[in-house]
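A short worksheet on the structure shown next.
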Amino acid sequence: MLLLLFLCGAGAILLQMIVPKLPLVEIHPFLVALPVLYAAMRLKGGGPLALALGLGLVIDLLSPQKLGTGGFVLCLVVGIAWSQRENLPFDHWGSVAFLALVATFGALIADYALFCWESGTRDWRFILWVRLAWVAVLNAVLAVPFFVLCDLFLSLRRRGDEEDYAL
């Protein structure tokens, strides 16, 4: 199942490379965060971290960023989700959307901060914050149907197993 999530994340990376910016908002979606967030909210153990590091390695190999940046950013998504496991019901759609919004926004801020540190720029204009917010909102909207489809096809949420998933 972790392999299917990895393939889904790799497909999201390829889609991000192929699809142009969305009209009106001028953003690229950050869809690779959704399989990582799904794994963090549904799987136990180190699987979500391994998935985040693997997908981060793919991102780093396909981009001019330093090796480790993508893995760090996606591990941040896992950390944000795991930090809320006591506070939010992971099986509720509102929690899914909220965590997708917060984790995406936090990961994108960290990614841009690492980019600025690496390139030596300090450009944090207002339009950047607006675009990061749009990406986070897009991920929050897409997270709910993505989780429903993954639960349906990956069968992680069976009746009677409620206490056995989501850490």
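For the pair G54 and F6, the tightest heavy-atom approach, listed with the atom from each and the gap, is C-CE1, 3.7 Å. A110 and V73 make their closest contact through C-CG2, 4.4 Å (heavy atoms, listed as atom of the first residue, atom of the second, distance). Residue N87 comes nearest to S83 through the heavy atom pair ND2-O, 4.1 Å, listed as atom of the first residue, atom of the second, then distance. When every heavy atom of D151 is checked against every heavy atom of Y38, the shortest pair comes out as OD1-OH, 2.7 Å. Residues C75 and L49 share a closest heavy-atom pair of SG-CD2, 3.9 Å. The heavy-atom pair separating A143 from A100 by the smallest distance is CB-CB, 3.5 Å.
With S95 contributing its side chain and F90 its backbone, the two residues share no donor-acceptor pair below 3.5 Å.
R42 places none of its side-chain heavy atoms less than 4.5 Å from the side chain of L154. Residues L128 and D123 are not in side-chain contact: their nearest non-hydrogen atoms beyond the backbone lie 4.5 Å or more apart. L37 places a side-chain heavy atom less than 4.5 Å from the side chain of F147. Two residues are said to be in side-chain contact when any heavy atoms from C-beta on lie closer than 4.5 Å; I109 and W129 meet this criterion. With contacts defined as side-chain heavy-atom distances shorter than 4.5 Å, the pair I59/L74 qualifies.
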Please walk me through it: do F146 and N139 pass side chain to side chain contact (heavy atoms under 4.5 Å, CB included)? CA-CA 10 Å; F146 178 79; N139 268 14; over 6 Å; no
L43 vs L51, test: side chain to side chain contact (heavy atoms under 4.5 Å, CB included). Steps then yes/no. CA-CA 11 Å; L43 298 178; L51 178 67; over 6 Å; no
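Rounding to the nearest 0.5 Å gives a distance of 11.5 Å between SG of C8 and CZ of F153.
Hydrophobic clustering of Ile, Leu, Val, Met, Phe, Trp and Tyr side chains at less than 4.5 Å, counting indirect connections, unites F105 with F126. One hydrophobic cluster, built from ILVMFWY side chains closer than 4.5 Å, holds both F98 and W134. When hydrophobic clusters are built by joining Ile, Leu, Val, Met, Phe, Trp and Tyr residues whose side-chain heavy atoms come closer than 4.5 Å, directly or via intermediates, V137 is not grouped with V130. Both V78 and I13 are assigned to one and the same hydrophobic cluster, defined by single-linkage of ILVMFWY side chains at heavy-atom distances under 4.5 Å. The same ILVMFWY cluster, assembled from side-chain heavy atoms under 4.5 Å apart, contains both L132 and L138.
Within 6.0 Å of atom CH2 in W117, 12 or fewer heavy atoms from other residues, nucleotides or ligands are found, so the atom counts as exposed in its surroundings.
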